[in-house]
Engineer: 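Structure in structure tokens, see below.
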Amino acid sequence: MFLADQLVDPVRTNLQNQLDRWLGNAVGAHVLPNAQPPQPDSPAEFMNVALAAKAEPASPYIFGETFTIYFLDPVTAQSAASKSQDLSQMAQPADRRYHQLRYQGRPVAYAHSIPSNGDEVCQLMVSNYAQHVQRAMERLDEIEKTNEKYAALKTNVRMLAVQAFNVTGFWIYDESVGESDILVISAPSSMTSLQTNDLINGSGFLEAFAKEPPIRGLA
């Protein structure tokens, strides 16, 4: 079973309140749509609208899945290809969490927060990347249902970023055998061995960086 981070109060409420403010600013700047309630034309319609408003969430934006972010620096990513090490020995915590945000059921944005600083929200991005993450999550669901190995595995899925190469993936770590797999979320088209939504073992993932130059300005 693949698990996202499970946030409980007061952490979740704190994040929700912060995200509501960030989303309000984005709506005010016309970066995100504002869902206007229907305008009643009669007292009866007014009552229906009022009842519907009580049944619906206060915000049309849904705070979805959360994943802890880890990173690989470029030197480690490129030198590790020839070593018999697992990703668990090289990936470092980034002190960031990823939060998926949906509008009317569709992924439209994501946010980052800083756990060590009171779970402060530090970034909100309106980006197609949220859709890439959604498709990757759906791919994880498919794998879990069709692959006995992963169906039996219960683990928290993490997000792994190799920023110098503009690569991100879902990191699946099987602690019982000390082995990692990566489901690719996004990668440059030049890295042909890392195809979006492909599942690859840890050594194959690292091998993709062996002869690939880091993106200038990101290394």
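One is the number of the first residue; the rest follow in order along the sequence.
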Engineer: Could you walk me through whether Asn197 and Glu142 pass the side chain to side chain contact (heavy atoms under 4.5 Å, CB included) check?
Structural biologist: CA-CA 11 Å; Asn197 291 338; Glu142 291 175 5; over 6 Å; no

Engineer: Can you check whether Glu212's main-chain N or O pairs, donor with acceptor, with Gln78's side chain at less than 3.5 Å?
Structural biologist: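 At least one qualifying donor-acceptor pair exists.
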
Engineer: Assess the residue pair Val108 and Arg102 against the criterion (side chain to side chain contact (heavy atoms under 4.5 Å, CB included)); give the C-alpha distance rounded to whole Å, side-chain angles, the decisive distance to 0.1 Å, and a yes or no.
Structural biologist: CA-CA 6 Å; Val108 294; Arg102 297 187 182 88; 5.9 Å; no

Engineer: Using a 4.5 Å cut-off on heavy atoms from C-beta on, say whether the side chain of Leu160 contacts that of Phe71.
Structural biologist: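 A side-chain contact is absent here, since even the closest heavy-atom pair is not under 4.5 Å.
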
Engineer: Report the C-alpha separation of Glu179 and Asn201 in whole Å, then their side-chain angles, then the decisive distance to 0.1 Å, and conclude whether the side chain to side chain contact (heavy atoms under 4.5 Å, CB included) test is met.
Structural biologist: CA-CA 8 Å; Glu179 294 179 354; Asn201 62 34; over 6 Å; no

Engineer: Establish, from distance only, whether the side-chain atoms of His132 and Thr196 form a donor-acceptor pair under 3.5 Å.
Structural biologist: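 Not at all, the side chains of His132 and Thr196 share no donor-acceptor pair under 3.5 Å.
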
Engineer: Aromatic rings Tyr110 and Tyr98: how do their planes relate, parallel, tilted or perpendicular, breaks at 30° and 60°?
Structural biologist: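 Parallel, since the angle between the ring planes stays under 30°.
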
Engineer: Any Lys/Arg nitrogen of Glu138 or Arg135 sitting under 4.0 Å from an Asp/Glu carboxylate oxygen of the other?
Structural biologist: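 No.
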
Engineer: Pick out which of Phe170, Trp171, Phe2 makes a ring pair (Phe, Tyr, Trp, His ring centres under 6.0 Å) with Phe67.
Structural biologist: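 With Phe67 as partner, ring pair (Phe, Tyr, Trp, His ring centres under 6.0 Å) holds for just one option, Phe170.
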
Engineer: Without swapping roles, check the side chain of Glu144 against the backbone of Tyr150 for a donor-acceptor pair under 3.5 Å.
Structural biologist: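 No, the answer is negative, given that no donor and acceptor are paired below the 3.5 Å cut-off.
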
Engineer: State whether the side chain of Ser79 and the backbone N or O of Val75 hold a donor-acceptor pair below 3.5 Å, judged by distance alone.
Structural biologist: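 At least one qualifying donor-acceptor pair exists.
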
Engineer: Shortest non-hydrogen contact from Ala130 to Ala109?
Structural biologist: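 Closest approach of Ala130 to Ala109, heavy atoms only: CB-O, 3.6 Å.
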
Engineer: Would you give the length of the straight line joining atom CD of Glu65 to atom CG of Asp5, rounded to the nearest 0.5 angstrom?
Structural biologist: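 If we round to the nearest 0.5 Å, Glu65:CD and Asp5:CG are 11.0 Å apart.
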
Engineer: If you round to the nearest 0.5 Å, how far is CZ of Arg12 from CG of Asn17?
Structural biologist: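 Output value for this atom pair is 11.5 Å.
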
Engineer: Are the side chains of Arg96 and Cys122 in touch, meaning some heavy atoms are under 4.5 Å apart?
Structural biologist: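 Yes, their side chains come closer than 4.5 Å.
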
Engineer: Please verify the inter-ring angle class for Tyr103 with Tyr61; under 30° counts as parallel, over 60° as perpendicular, anything in between as tilted.
Structural biologist: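 Tilted.
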
Engineer: Checking Asp119 side chain against Arg97 main chain: does a donor-acceptor pair fall under 3.5 Å?
Structural biologist: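 Answer holds: no.
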
Engineer: Backbone N or O of Pro107 within a donor-acceptor pair of the Gln134 side chain at under 3.5 Å?
Structural biologist: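 No.
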
Engineer: Does the Asn166 side chain pair with the main chain of Pro188, one donor and one acceptor, at a distance under 3.5 Å?
Structural biologist: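 Looks like no, no N/O pair under 3.5 Å.
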
Engineer: Tell me whether the guanidinium CZ or amine NZ of Arg158 lies under 6.0 angstrom from the six-membered ring centre of Tyr173 and within 45° of its axis.
Structural biologist: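 The answer is no, since Arg158 fails at least one limit relative to Tyr173.
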
Engineer: Short question: side chain of Asp95, backbone of Ser116 - any donor-acceptor pair under 3.5 Å?
Structural biologist: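 Such a contact is found between Asp95 side chain and Ser116 backbone.
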
Engineer: Is there a side chain to side chain contact (heavy atoms under 4.5 Å, CB included) between His99 and Leu7? Walk through the geometry before answering.
Structural biologist: CA-CA 11 Å; His99 308 285; Leu7 300 179; 4.2 Å; yes

